[in-house]
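Keep in mind that this is a model prediction, so the values were computed, not measured. Naming convention: chains lettered A, B, ... in sequence-line order (proteins, then strands); numbering from 1 in each chain.
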Amino acid sequence: MEQEIELQRLAPQLLVREKKEKVSRLRELDGAGPGFTVRLAPYPSGAPHIGNTRMFILNDEYARKYSGKLLLVFDDTIGSEEKFPDVESYSLIEEGLKWLGVKWEGVYYKSDRLDIFYTWAERLIHAGIAYVCMCDAETLRKNREEGSECVHRSHTVQQNTGYWKMMVNGEYREGEAVLRAKTDMRHRNPAFRDRVLCRISERVHPRTGTKYRVWPMLEFSWAVDDIELRMTHVIRGKELVMEDMMENFIWDRMGLKGPVFEHFGLLRLKGVKISKSKSRAEVASGAYTGWDDPRTWSLQSLAARGFRPEAIRNFILSLGMSLADIEVPIDSVYSENRRLLEPEANRYFFVDEPQLISISGFDGNSVVESYLHPDHPEKGRRLIEAGNSVYVSSADMRSFGGSEVRLKDFCNVVLRAGKSEFTGKENRDLQRIQWVPSTGSVKCRVIMPDGSRVEGLAEANVAAIPLNVPVQFERFGFVNPRGWEGDAMVFHFAHE
RNA sequence: GCUCCCUUAGUGUAGCGGCCAAUCAUGCGGGGCCUUCGACCCCGCGACAUGGGUUCAAAUCCCAUAGGGAGCACCA
């Protein structure tokens, strides 16, 4: 402390703290340079949601950082009973990415590339790295547990080539045959013992119908496409590390060099439940308003709430590339967005659960003038016609009933249900509450993040505000005007 | 259970053998300002999981322990 005082006397300039750059720099990736190429691999089974944005933004951000390329590769293999591609998801994803400000060049579809996968499968068979296995799922599992090899493993290349042709030609039914990699049946990780590369599915694909029945597994399709599409890096969540091993195994055996793998840890948002399959069902049944329903947490729903894409990006970048699994409160996202909305959103009065009071001792009407934004007077003013009866919110009545409050910008009253006494117009340091006139106020319906609706009244000025430009309902929160339902104006609630 | 990963203030995060008496944001406490309980400004609080080792020197490298997470078989 003494030293600091001394330093202050001798060289005050040394004490001036430099404001560090706020932008969090992403760490450098190994081997990144000219030609840097990464890919985005969304699975088209619904709208993209906030949980998917980490992958989107990190890939986009690194592609920009290294002036590289970002390819959009729809990972639309056939999936499973629970997880299957659907046709409207493709455009939902592109729409979400555009909104997020992700820039990609080139769109690819795995479902267009089956012939390439087949060619590679044949190469693996010829190289003796892969074989057709006719064990049923149960037997396969049992053998893996025991580490024992089945008879199919020792078939010749010629036999496997024949079986493979039969698979592709439809001579086996779903579940009757798979293509497996000859990794090692005694590998320490049981899941790695002769993994399945391709399997048969008789489901209908939204893009290719029933044209193909043999579909690659994720890691095989990427072992192929990370080479074919010339990726230099793969940035993916760490839940996919085992897939790296499988891709590397294939490349090693074929004498190929693949991209550098980079991972980020799992991100959980505290207070956010996302279930894509549930959202999909509720959107389809009409229980949700659509993909803009806040309960989907889709990018469409965030846009509807008035989120700025930069807020999401700043939030994701603040987490960096850490491998640690983290749980971050959703409020962190809100505070990033508030930072952007606060200086811009105009202010209006809104009362939730309106309750009418009359003001005794106050005669006549007056016109109240308020700033659209208290910190930016240059944005102008708004006028509210005030009379001797107004609505206040029931919550304020409960909290402040009986005591003197200031009806903001208007007058002071002792707040009572029914008759409240006028106590003056001067601006004293009282609890301030919002209010709206008894006539001419606009009925509002605010859709909350949990899907519930808050009904209330807002000052008449809101009827004329542009849609989809977020405003602040003072002491209520930031809301985004979306349109009208009959005589009620509909808003989506962003956050406080 | 098996395989892999992680651990720095309440929550995130920077840190890559000496520049660390550890960064930034948020949070919390106090004060200021303002016609919002919002925003802004100022001051303060608060962390290297534990134990061993390597080294002249460890938040940083190695080992063990504890805690947390993920993956686990024909989903991506």
Visitor: Less than 6.0 angstrom from the centroid, inside 45 degrees of the normal: does A:R207 satisfy that with respect to the ring of A:Y109?
Guide: yes
Visitor: If the P atom of B:G15 is compared with that of B:U55, how far apart are they to the nearest Å?
Guide: 28 Å
Visitor: I'd like to know if A:D331 reaches the base of B:G12 with its side chain such that a donor and an acceptor end up less than 3.5 angstrom apart.
Guide: no
Visitor: Is there any protein nitrogen or oxygen under 3.5 Å from a nitrogen or oxygen in nucleotides 7-11 of chain B, and what are the pairs?
Guide:
none

Visitor: Has the side chain of A:R347 got a donor or acceptor atom sitting under 3.5 Å from an opposite partner on the base of B:U36?
Guide: yes
Visitor: Expressed in whole Å, how much space separates the P atoms belonging to B:C19 and B:C61?
Guide: 16 Å
Visitor: For B:U23 versus B:C43, give the span between their P atoms, rounded off to a whole number of Å.
Guide: 15 Å
Visitor: With rounding to the closest Å, how many angstrom separate the C1' atoms on B:C34 and B:C42?
Guide: 16 Å
Visitor: How does each nucleotide of nucleotides 65-76 of chain B score, in 5' to 3' order, for protein heavy atoms under 4.0 Å: base (B), sugar-phosphate only (S), or none (-)?
Guide: ----BSS-BBBB
Visitor: Can you tell me how far P in B:A47 sits from the matching atom in B:A59, rounded to whole Å?
Guide: 15 Å
Visitor: Take atom P in B:C20 and the same atom in B:A73, then report the distance between them in whole Å.
Guide: 49 Å
Visitor: Between A:E496 and A:Y371, which residue's closest nucleotide on RNA chain B lies nearer the 5′ terminus?
Guide: A:Y371
Visitor: Which dot-bracket notation, 5' to 3', represents the base pairing of RNA chain B when pairs are defined as Watson-Crick or G-U with both distances under 3.5 Å, crossing pairs as [ ], and inter-strand pairs as |?
Guide: (((((((..(((.....[.....)))((((((.......))))))...(((((..]....))))))))))))....
Visitor: A:T423 vs A:E404, test: side chain to side chain donor-acceptor pair (under 3.5 Å). Steps then yes/no.
Guide: CA-CA 8 Å; A:T423 56; A:E404 190 178 13; 2.6 Å; yes
Visitor: Mind checking the P distance from B:A49 to B:U60? Whole angstroms is fine.
Guide: 8 Å
